[in-house]
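Inspection log for the structure reproduced underneath, given as structure tokens.
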2 protein chains.
Amino acid sequence: MQSRTPASRTGRPRSAAADAAILAATRQALVELGWSKLTLGDVATRAGVAKTTLYRRWAGKNELVVDAVAELFDELELPDRGSLADDIEGVVLQFAAILDRPEARSGLMAAVAESTRDEALRERIRTSIVDRQKRLVLEGRTRAQCRGELPTEPDPGAAARTVDLIFDMVAGAVVHRTLMSGKPADADWVRDFTRVLLQGLGSERAEAAAPPGDGGQGVSAS
Amino acid sequence: MQSRTPASRTGRPRSAAADAAILAATRQALVELGWSKLTLGDVATRAGVAKTTLYRRWAGKNELVVDAVAELFDELELPDRGSLADDIEGVVLQFAAILDRPEARSGLMAAVAESTRDEALRERIRTSIVDRQKRLVLEGRTRAQCRGELPTEPDPGAAARTVDLIFDMVAGAVVHRTLMSGKPADADWVRDFTRVLLQGLGSERAEAAAPPGDGGQGVSAS
DNA sequence: AGCTTTCGCTACGAGTCGTAGCGTAATGCC
DNA sequence: GGCATTACGCTACGACTCGTAGCGAAAGCT
């Protein structure tokens, strides 16, 4: 995951248990100490390994934290709830739940901050976290197209741009809501957000997502 | 800006020039070193002040960087370009230009990361940066309502929720696009984004924002 | 067996942190 | 002018973390 494994067949193999222990210890340290006060020596002690073992596997704090945080986002999945609106609300709530965990908050943001000055780290974040979750958008989109909720896009270039746009809007809004505005992305907020997004995408069932007589008062621009 | 100033009338006043020099030096250090390698001793040297002066005014690295970054976002303004779509595109492009500067990227994200474990810092970011720029949404909204581009919202509670939602969607999407996806928020992207947002908000002139015959190919869900 | 790689441990110089102490400079008040 | 008060520059300090080097032992493979 973090270094080359070109089928190095000879010699003592690296302990997979140590990897798991180190990543778990990293997340625990993120919870208790946060990014800036997290030291590799402390992580090594928590994991029950020597500090030198850490440096043999990861180049530094940045790479270690990225790997530790990336595992959190692999929990995300997209169960079929019958409609595009419900699918989006479900996955957004999952995403918000992950961002509620302190190890995800401080770890992810700090890694992104460091990646602004480290091209290799930026690439690591892209492949380990960002691009990995774009699958959810792709899956939900094709599913909605099969249902007839979204029109098909003949031009593959435009389709790719739209997928990127949706991904940035969804993930960006949730992150900004929870971390910058400091307010919870609860069910009410997610419902409002989904309604705006679907209507913006030209979904024919955008209004159907809001059951009539639910008290009105939905987001209808103000 | 950073400490109590309860009309302390006696004694030598604090040098305002030193404040400006320190904040400028902090931004320069952010550009050259990034967050993690930035040291207060180095900032003091760049600013031409003693290290102790820094500690007398700011509690630590976090607070200093927040103040240094906050000044960057005060440049934002909302010139009247005639239509809501053009207003949004204009301010989003300004925001993207600020996020293009390395001192804003690393400084802002690192501060947000640290704020996840520091309630006082989180409040400082909210008042100094986030809430400060919400004025742009409020101004653009009332302006659009005067033009008849957006319906008025009688319920103040729902209106406030909508303003928050718009703010999180706009700022979040731009930040995620530039920092997470690592792609530029250029004119094409901003146009697509604005179109989706306006249509999602129920703007009556959402389609008018896209001049007919511009080659089609716009974001229309795919 | 022999070979290879990993692991735990110790120790080390380098660098940063945040603070204390001191003398000096710049104000307001009398 | 003289005085009190506060800010400033400078030096020095212990505590801590960093990342690396070196060593012997352990755990695989052929």
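Fair warning: this is a prediction, and the values are worked out from it, not measured in the lab. Letters go in sequence order (proteins before strands), and every chain restarts at 1.
Remark: of the listed residues B:Asp164, B:Asp168, B:Asp131, B:Asp168 is the sole one forming a side-chain hydrogen bond (donor to acceptor under 3.5 Å, both in side chains) with A:Ser181.
Between B:Phe73 and B:Phe95, the ring planes lie tilted relative to each other; the angle falls in the 30° to 60° range.
The two residues A:Val66 and A:Leu121 come nearest to each other via the heavy atoms CG2-CD1, 3.7 Å.
Rounded to whole Å, atom P of C:dT6 lies 18 Å from atom OH of A:Tyr55. One atom, NZ of B:Lys37, and another, P of D:dT17, lie 20 Å apart when rounded to the nearest Å. The nearest whole Å value for the distance from the CG atom in B:Leu54 to the P atom in C:dC17 is 10 Å. Spacing between atom CH2 of B:Trp58 and atom C1' of C:dT19 amounts to 19 Å, rounded to whole angstrom units. Protein atom CG of B:Leu38 is 11 Å distant from nucleotide atom P of C:dT16, rounded to whole Å.
Side-chain atoms of B:Arg12 come within donor-acceptor range of the base of C:dA25, with a qualifying N/O pair under 3.5 Å. Residue-to-nucleotide contacts include no donor-acceptor pair under 3.5 Å from the side chain of B:Arg14 to the base of D:dA7. Side-chain atoms of A:Lys51 stay outside donor-acceptor range of the base of C:dG8, with no qualifying N/O pair under 3.5 Å.
Of all nucleotides listed (C:dT27, D:dC10, D:dG22), D:dC10 comes nearest to the side chain of B:Arg56.
In this structure, A:Thr52 reaches the bases: a heavy-atom distance under 4.0 Å links it to at least one base atom across the strands shown.
Within a 6.0 Å sphere centred on CZ of A:Arg132, heavy atoms belonging to other residues, nucleotides or ligands number 12 at most.
Residue B:Gly41 is the one, among B:Gly41 and B:Pro13, whose nearest nucleotide of DNA chain C lies closer to the 5' end (criterion: closest heavy atom).
Between A:Thr53 and C:dG8 there is a side-chain N or O to OP1 or OP2 distance below 4.0 Å.
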